[in-house]
J.: 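The following block contains the structure, expressed as C-alpha cells.
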Amino acid sequence: AVVNFWTLRSPNPIALIAGRLFTDGSFAIRQKTDRFIGLGFIFGSYDPSTFDVKFSWSVDDTLPASRWSPWSEDNIAYVTASDFNPIATGTHIIYVRAQNRWGVVSQITRATFRAVVPPIDDPAYPKRILIFNTNANGNGTLGRPSKDQISSFYGAVMDSLGKSGQYDIWNTTPIANTHKYPPRDTLARYSTILVLAESHRLSSGVASSPIYSAVQSSLTEYLSIGGNLIYSGTPEIRKTITPYTGWATDVFHIDNTRSMFDSDTVNNDRDFVGAKAVAGSLYSAVPIDASKLPADSVGAIRAIGVNYPRGFGQSISRFDSQRGDTRYEDKPLGVRFIAPPANPPARRTYSMVYFGFPLYYGETGAVIRSLRQAFADVGE
C-alpha cells in the first residue's frame with residue numbers, strides 16, 4: 001500500500017531592482033564617510049505567499065559566497081568602491097536575490113551601472129590642482145582681460161608658489177552647455193579645484209552664470225568624496241551661481257539671509273578698491289592693481305558682494321571702500337571652511353576658500369600670498 005502526504009510548497013519569490021539613488025557615472029570611494037554614504041539601490045520583490053522578504057546582494061561576483069551581503073529586511077543597499085571587483089572606474093554589475101519567510105530563494109536579478117573611482121581616493125596618489133577658468137574672453141584692453149591673459153597670470157602665480165607641473169588649466173565659456181565643463185572622470189584626478197569666475201560682472205558686462213545647477217551636481221559630488229574648492233570672484237555671487245541659495249549655505253558656508261545685494265547690481269556704486277585683512281587671519285590684504293584697472297575702480301568692478309560666514313565658516317577678508325562707504329566698509333568679504341580632522345585619517349569632507357572678489361585684479365604679490373595660505377588651508 002502507498003500512502004501519499006501532500007504539503008504546501010511556497011513558490012519562488014521574484015527579486016526586483018526597483019531603482020537607484022544616484023546618477024549613472026557617479027563617484028564611488030572605498031569607504032563610507034560623513035558625506036559619501038554609497039551608491040544607493042532600491043530593492044523590491046513579488047511573493048504571493050508572504051510579505052516577509054529578505055534581500056542579499058553582491059557586486060560583480062556571485063562566487064564565492066562571501067561576496068554576498070548578509071540577508072536583511074532592508075530594501076536599500078549602499079554600495080562603495082570596496083564592493084567592486086576590480087576596484088576601478090567603469091561598468092559594474094549588481095546582483096540581488098530575495099528570500100521569503102519559508103526560506104525559498106529567488107532567482108538572481110542583475111543590473112549594470114557605471115561608477116567613477118577617483119584616483120584621489122588613494123592616499124598614495126599625488127596631489128594635483130585643476131584651474132577651472134570660466135571667465136569670459138575679453139578684448140585684452142585695460143579691465144577686459146582675455147582668457148589667455150588670465151590663464152597666463154595664474155600660471156605664473158602657481159609657478160611662483162612652487163607648483164610648476166602640479167596643475168592643469170581648463171578653459172571654458174560661461175554658457176549653459178555642460179559638455180564645456182570637466183566631466184567627473186576629469187575631476188576625479190584632482191585634489192583641489194581653483195574656480196576662476198572673475199570677469200562676468202564688470203561695469204559693462206552682462207550677467208552670466210558659470211556654475212549652473214547641472215554643473216553643480218558633479219562638483220557637489222566631487223566635494224563629497226574629499227575634493228577641495230578655492231573660488232576667486234565673483235563680483236556678485238548671486239549672479240554667477242545658479243541656483244545660489246543651496247551652494248551659498250552648503251558649500252561656501254555663507255549666510256544667504258545676510259548677504260548684501262542690490263537689485264540694480266550693474267549700476268550700483270560700491271567703490272571697491274580691494275580686500276582688507278581680518279584681524280587674526282593669516283590672509284593678507286589684497287589691494288587692486290592699478291595697472292589692470294582704470295584709475296576709477298568703480299568703473300571697472302562693481303557689485304562686489306558682502307558675505308557673512310555661516311555655521312563653521314570663517315571670515316578671511318573685509319571690504320575696502322575708497323570713500324569708506326559705511327554700507328560696505330569693513331563688512332566680511334571672503335569666507336573659508338576648514339574640514340575637521342578625520343579619525344582615523346581619511347578623506348571625509350572637503351575644505352573651501354571663497355575669496356568673494358576677483359583675485360586677478362589684485363597686486364601680484366598679495367595674490368601669491370593669499371593663494372599660498374588658501375592652498376595650505378585645504379591641505380594642498
Side-chain angles (χ1 to χ4, degrees), residues 118-135 145-172 181-199 210-211 218-219 222-223 225-234 251-252 275 277 281-287 289 291-292 314 316-317 334-339 341 345-347 349-380:
I120 62 172
D121 187 44
D122 183 353
Y125 187 77
K127 294 180 180 296
R128 194 164 184 83
I129 301 163
L130 177 64
I131 299 176
F132 185 18
N133 186 359
T134 74
N135 288 294
S146 66
K147 293 180 75 70
D148 288 342
Q149 286 176 311
I150 295 174
S151 294
S152 177
F153 171 76
Y154 278 99
V157 168
M158 296 296 286
D159 293 343
S160 297
L161 291 171
K163 298 187 180 297
S164 178
Q166 301 174 29
Y167 66 91
D168 295 308
I169 298 177
W170 181 292
N171 287 310
T172 190
Y181 295 83
R184 289 182 177 87
D185 298 66
T186 298
L187 297 178
R189 304 199 306 267
Y190 298 93
S191 47
T192 296
I193 296 178
L194 168 57
V195 176
L196 308 178
E198 303 166 315
S199 63
I211 307 296
S218 60
L219 287 178
Y222 166 79
L223 299 176
I225 54 98
N228 300 306
L229 175 67
I230 299 174
Y231 194 100
S232 174
T234 58
V251 173
F252 291 131
S281 171
L282 297 176
Y283 287 84
S284 62
V286 183
D289 185 345
S291 69
K292 294 181 181 177
Q314 300 172 320
I316 62 171
S317 60
V335 175
R336 73 172 183 175
F337 166 74
I338 306 302
R347 290 184 175 274
T349 189
Y350 72 100
S351 294
M352 180 283 309
V353 178
Y354 170 69
F355 284 102
F357 62 95
L359 278 180
Y360 172 79
Y361 296 103
E363 293 181 356
T364 302
V367 173
I368 291 174
R369 291 190 295 272
S370 295
L371 282 177
R372 179 180 289 113
Q373 184 59 45
F375 286 128
D377 279 346
V378 302
E380 192 66 55

J.: Roughly how far, to the nearest 0.5 Å, is CD of E198 from CG of N135?
T.: 5.0 Å
J.: List the steps, then state whether side chain to side chain contact (heavy atoms under 4.5 Å, CB included) holds for Y354 with V195.
T.: CA-CA 10 Å; Y354 170 69; V195 176; over 6 Å; no
J.: Given side chains that start at C-beta, do those of L187 and Y181 come closer than 4.5 Å, heavy atoms only?
T.: no
J.: Of all heavy-atom pairs between Y190 and T186, which one has the smallest distance, and what is that distance?
T.: CD1-O, 3.1 Å
J.: List the atom of L130, the atom of P182, and the distance in Å for their closest heavy-atom pair.
T.: CD2-CG, 4.0 Å
J.: Taking the six-membered ring of F153 (Phe, Tyr or Trp), confirm whether the NZ or CZ of K292 is under 6.0 Å from its centre and within 45° of its axis.
T.: yes
J.: Q373 pairs by side chain to side chain contact (heavy atoms under 4.5 Å, CB included) with which of I316, L282, I368, V353?
T.: L282
J.: Quick check: closest heavy atoms across L196 and T134, and the distance to 0.1 Å?
T.: O-OG1, 2.8 Å
J.: Would you say the side chain of L359 lies within less than 4.5 Å of the side chain of V157, judging by non-hydrogen atoms?
T.: no
J.: How many angstroms lie between CG in N133 and OH in Y154, if you round to the nearest 0.5 Å?
T.: 8.5 Å
J.: Are the side chain of S232 and the backbone of P358 linked by a donor-acceptor contact shorter than 3.5 Å?
T.: no
J.: Within the 4.5 Å heavy-atom criterion, are I225 and D121 side-chain neighbours or not?
T.: no
J.: Would you call the rings of F252 and Y231 parallel, tilted or perpendicular, where under 30° means parallel and over 60° means perpendicular?
T.: perpendicular
J.: Between S146 and D148, does any side-chain donor sit less than 3.5 Å from a side-chain acceptor?
T.: no
J.: Working to the nearest 0.5 angstrom, can you tell me the gap between L223 CG and N228 CG?
T.: 8.0 Å
J.: Please test I129 against F375 for side chain to side chain contact (heavy atoms under 4.5 Å, CB included), starting from the C-alpha separation and ending with a verdict.
T.: CA-CA 10 Å; I129 301 163; F375 286 128; 3.6 Å; yes
J.: Find the distance between CD (Q314) and CZ (R336) and round it off to the nearest 0.5 Å.
T.: 4.5 Å
J.: About how many Å separate CZ of R372 and CG of D377, when rounded to the nearest 0.5 Å?
T.: 13.0 Å
J.: Can you classify the ring geometry of F337 versus Y350 as parallel (below 30°), tilted (30 to 60°) or perpendicular (above 60°)?
T.: tilted
J.: Looking only at atom types and distance, does a side-chain atom of S281 sit under 3.5 Å from a main-chain N or O of A277, one as donor and one as acceptor?
T.: no
J.: Looking at every non-hydrogen atom in both residues, tell me the closest pair between A275 and S317 and how far apart they are.
T.: CB-CB, 4.0 Å
J.: Let me see the working for L219 and I193 under side chain to side chain contact (heavy atoms under 4.5 Å, CB included), right down to the final yes or no.
T.: CA-CA 9 Å; L219 287 178; I193 296 178; 4.0 Å; yes
J.: Ignoring hydrogens, what is the shortest heavy-atom contact between Y283 and A374? Give both atom names and the distance.
T.: OH-CA, 3.2 Å
J.: Under the 3.5 angstrom rule, does the side chain of R184 hit a backbone N or O of Y222 as a donor-acceptor pair?
T.: no
J.: Would you give the length of the straight line joining atom CZ of F132 to atom CD1 of I169, rounded to the nearest 0.5 angstrom?
T.: 13.0 Å
J.: On a heavy-atom basis, which atom in E380 and which in K127 lie closest, and how many Å separate them?
T.: OE2-CB, 2.9 Å
